[in-house]
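These notes are about the structure you will find just below.
Not measured: the values here are computed from a predicted model. Throughout, a chain's letter reflects where its sequence line sits, starting with A, and its residues are numbered from 1.
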Number of protein chains: 4
Amino acid sequence: MSEEMEQWVAEMLRINDLDAKMTDKQIKIIKAAVETFSEKGYAASSTSEIAQKAGVAEGTIFRHYKTKKDLLLSIVAPMMTKLIAPFVLKDFNKVLHSAYPKYEDFLRAVIKNRMEFARNNLPIIKIMLHELPFQSELQAQFKEHIAKKVFNRLQEVVEHFQSDGQIIAIPSHVAVRVSVSVLIGFCFARFFLLPELDWDEEQEIEYSIDFIMHGLAPRE
Amino acid sequence: MSEEMEQWVAEMLRINDLDAKMTDKQIKIIKAAVETFSEKGYAASSTSEIAQKAGVAEGTIFRHYKTKKDLLLSIVAPMMTKLIAPFVLKDFNKVLHSAYPKYEDFLRAVIKNRMEFARNNLPIIKIMLHELPFQSELQAQFKEHIAKKVFNRLQEVVEHFQSDGQIIAIPSHVAVRVSVSVLIGFCFARFFLLPELDWDEEQEIEYSIDFIMHGLAPRE
Amino acid sequence: MSEEMEQWVAEMLRINDLDAKMTDKQIKIIKAAVETFSEKGYAASSTSEIAQKAGVAEGTIFRHYKTKKDLLLSIVAPMMTKLIAPFVLKDFNKVLHSAYPKYEDFLRAVIKNRMEFARNNLPIIKIMLHELPFQSELQAQFKEHIAKKVFNRLQEVVEHFQSDGQIIAIPSHVAVRVSVSVLIGFCFARFFLLPELDWDEEQEIEYSIDFIMHGLAPRE
Amino acid sequence: MSEEMEQWVAEMLRINDLDAKMTDKQIKIIKAAVETFSEKGYAASSTSEIAQKAGVAEGTIFRHYKTKKDLLLSIVAPMMTKLIAPFVLKDFNKVLHSAYPKYEDFLRAVIKNRMEFARNNLPIIKIMLHELPFQSELQAQFKEHIAKKVFNRLQEVVEHFQSDGQIIAIPSHVAVRVSVSVLIGFCFARFFLLPELDWDEEQEIEYSIDFIMHGLAPRE
DNA sequence: AATGAATGAGGATTCATTCAT
DNA sequence: CATGAATGAATCCTCATTCAT
């Protein structure tokens with residue numbers, strides 16, 4: 001397993017640790033499952049291959065996870081929570097207003113923080129993206145948390161910056177959509193489309209934020 | 001099968017018709033395969049289910065497509081070509097310059113045209129998006145056509161509009177990236193994320209283009 | 001197809017010609033079947049492969065041969081008849097006594113004649129040897145003709161030469177067995193075990209016959 | 001299963017036991033496979049039939065033998081080794097010279113010993129004979145062991161007896177060939193051609209050896 | 001807790017054979 | 001006569017899951 005993978009797994013374990021203490025074997029199983037699912041997709045991965053890669057018996061997997069799908073969910077579900085964690089902080093708004101006087105400060109903070117997180121969890125994010133359309137449990141969780149909480153939070157943020165005149169008075173969902181599109185578009189290009197390129201992340205982020213700020217600036 | 005699906009299939013058949021005349025059974029097989037693959041994903045779809053849905057014997061599938069993967073590729077590969085067809089027109093640049101005096105005209109034409117195409121081919125596009133990361137044949141075709149041809153074309157377009165002062169003099173790849181992010185972000189929200197919403201497409205497109213144009217406008 | 005194969009097929013066609021006039025396609029089918037059966041065995045050969053190799057449609061085979069087994073039998077059955085043809089000549093005994101005053105003359109004539117025949121029909125003989133244990137129809141024919149007719153003929157021959165003192169007075173079936181073993185043993189080595197060796201057939205045959213004659217010579 | 005079959009299987013298990021301990025199910029699988037392969041041939045035997053005959057699930061076969069061919073090889077390959085075991089003994093020559101002062105003693109010992117072995121392993125030997133021409137792995141092993149080791153050993157033996165004047169000075173390979181032909185010819189008739197006959201084996205062997213000894217005796 | 005042998009349903013694919021053209 | 005599309009049973013093999021040890 002590559003060192004990169006090691007890091008991802010470490011990060012992911014920190015997540016699951018929050019839920020429960022895992023045995024040594026359990027850790028190996030999760031490592032192997034993440035590696036396998038992200039390489040071949042969930043449906044094309046076999047539990048026997050995962051067991052083999054984890055160095056445990058086939059039965060051991062099912063002692064810890066009732067079904068193969070259970071294993072998937074135990075990997076992906078906590079990731080979804082973590083992924084949007086900053087947006088559901090208790091004192092999100094309070095922190096926000098004091099910490100980020102300008103919309104671009106907010107964008108800069110968010111993109112840097114979430115990119116760092118994504119970088120440490122790429123394989124699981126890849127798994128999540130692929131299985132979301134097929135796993136109704138994940139979809140439910142996704143809609144519940146992202147669509148509702150995160151999107152609402154972002155709308156609040158945008159509306160806050162519209163109210164003090166930093167952002168043009170278009171429907172807030174539009175401002176959210178275009179902001180998010182640009183930043184996620186960058187992440188997607190950076191991590192999935194052309195990961196092998198030698199990106200100047202700082203520069204690209206600045207261009208992106210500058211673009212968003214001008215695109216959303218109040219018209220004269 | 002829903003009427004929507006009927007339309008997609010009709011569009012897709014028009015594509016394959018260009019290549020070869022298909023028998024009645026072949027059409028049924030493709031219909032069933034598209035439906036099944038897009039609902040469950042390629043790996044989780046079984047040839048027996050496809051055969052049943054198509055109303056043919058399982059063996060019939062393999063008379064027309066040597067393997068299950070062949071069936072997938074025969075559906076997805078031509079779609080990729082069609083998807084980027086406008087960008088590889090012979091006289092793309094000539095048409096472009098005379099037809100679209102402004103960058104926003106170009107963006108508007110492209111997004112409307114491609115959205116119409118996508119709308120008629122959603123299931124296949126969904127299949128394509130899902131299988132791209134796992135099917136190396138598709139990846140190869142994708143990199144060859146999209147990454148090279150389309151991206152280069154878009155860079156040329158952007159550079160053209162930069163040279164006449166419509167677009168700010170940032171690296172052209174950045175301008176391409178943010179433009180594409182915004183438009184694809186909209187398509188993604190429209191078709192996949194919240195398809196059930198009652199979108200005012202015209203309005204959303206105008207907001208998006210306005211955002212892009214201001215984001216890329218030369219700074220005063 | 002090798003030239004050797006060409007010859008075999010030619011010989012085999014002469015055989016089948018006795019039974020019925022064959023169309024051009026029929027000939028091609030038989031050629032392809034012989035080649036395939038002898039290379040992979042009957043059970044492991046598919047009719048579609050034979051059809052392809054013969055350059056005919058799959059259905060064409062079944063127009064001429066009701067089943068795959070029919071095709072096999074139509075190839076092998078006539079071969080069995082031909083293989084032992086000399087022994088069931090009408091005037092076998094008459095010819096024998098006048099033509100071969102000594103047992104070794106008889107052996108020499110038989111081995112040379114049958115080796116020539118075998119050389120021209122190796123693939124079909126190989127097929128026959130392999131399928132005999134599994135095809136009861138062939139077994140029945142084999143027992144009927146070989147075991148009864150040929151073996152009886154050979155016993156008569158041996159007894160004839162015993163009666164005039166050329167061969168030791170052991171049970172005739174033993175003399176037949178050892179004679180046949182030595183000659184077939186040679187054919188087997190020559191054609192199947194080590195066909196690539198540069199055999200001096202004349203010499204080997206003489207050694208073999210000399211061995212048989214001394215082994216069967218009356219003891220002093 | 002007949003008592004005869006029971007014995008064969010017992011003998012065969014003794015062989016495999018040397019390699020590894022087998023589970024109860026594994027033994028049943030091997031029994032069923034030997035029975036089926038020898039009755040219908042390898043290609044015409046289905047794993048489902050073998051599983052049924054063995055009283056196990058079809059999947060169980062593939063837990064122990066990766067493929068159907070693996071199952072075949074695990075049956076046949078060790079048999080080949082056993083079949084020629086006496087000829088590759090470490091102190092073959094030493095034993096030979098002291099134990100068998102005459103060529104006929106050697107022949108008698110070998111034929112009796114190998115017939116006993118063959119009698120206990122007929123079905124596997126039948127399988128081996130049938131599959132040798134189609135399984136390149138077996139052919140390789142056969143050529144390596146039989147052709148090289150056994151044949152060379154027999155040549156050495158014959159040359160030893162030629163040097164002390166017991167056998168005529170013909171090329172040793174000829175003496176080997178005719179000797180082996182007569183003995184194998186007998187085995188073949190005894191076990192495969194006419195197994196139902198009431199053979200007086202002792203007598204037939206004596207006739208055969210007497211025939212060989214006279215056939216190879218130095219000419220006066 | 002961990003094992004791994006056992007399961008049998010289901011996987012993709014091939015088969016011999018039929019029949020409308 | 002010849003075709004080749006169509007069949008569906010049968011092929012070998014893999015799968016997720018269970019359970020006695």
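- Note that CD1 of B:I127 and CG of B:L138 are 11.0 Å apart. Values are rounded to the nearest 0.5 Å.
- Residue contacts shown for C:T47 include a base, since a base heavy atom lies under 4.0 Å away.
- Nearest nucleotide to the D:K25 side chain, out of F:dC12, E:dT7, E:dA12: E:dT7.
- If you check F:dT7, F:dT17, F:dA6 against the side chain of B:V56, the one that comes closest is F:dT7.
- Rounded to an integer number of Å, the gap from B:Q52 CD to E:dG11 C1' is 15 Å.
- Cation-pi contact between A:K68 and A:Y42: present, with separation from the ring centre below 6.0 Å and deviation from the ring axis of at most 45°.
- No salt bridge links A:E35 with A:K31; every basic N to acidic carboxylate O contact stays at or beyond 4.0 Å.
- Comparing atom distances between the B:K68 side chain and each of E:dT13, F:dT3, F:dC13 picks out E:dT13 as nearest.
- Within 4.0 Å of A:T60, counting heavy atoms only, lies at least one base atom of the nucleic acid.
- Side-chain N/O atoms of D:E58 and D:S48 include no donor and acceptor closer than 3.5 Å.
- For the pair C:T60 and C:Q26, the minimum side-chain heavy-atom distance is 4.5 Å or more.
- Comparing C:H64 and D:E58 by the nucleotide of DNA chain F whose heavy atom lies nearest to each, the residue mapping closer to the 5' end is C:H64.
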List, with names and distances, any nitrogen or oxygen atoms from the protein found under 3.5 Å away from nitrogen or oxygen atoms belonging to nucleotides 19-21 of chain E.
none

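- Within a 6.0 Å radius of CD in A:Q52, other residues, nucleotides and ligands contribute 12 heavy atoms or fewer.
- Aromatic pair A:F134/B:H130: centroids less than 6.0 angstrom apart.
- Mapping D:F62 and A:A43 onto DNA chain F by nearest heavy atom places D:F62 at the nucleotide closer to the 5' end.
- For the pair A:L72 CG and F:dC15 P, the interatomic distance rounds to 17 Å; values are reported in whole Å.
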DNA chain E base-pair string [pairs: Watson-Crick or G-U under 3.5 Å; |: paired with another strand]: .||||||||||||||||||||

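- D:K126 contributes a side-chain N or O that, together with a main-chain N or O of D:S38, makes up a donor-acceptor pair within less than 3.5 Å.
- Within the structure, a side-chain polar atom (N or O) of B:S46 is placed less than 4.0 Å from OP1 or OP2 of E:dG11.
- What separates CD of B:Q26 from C1' of F:dG4 is a distance of 13 Å, to the nearest Å.
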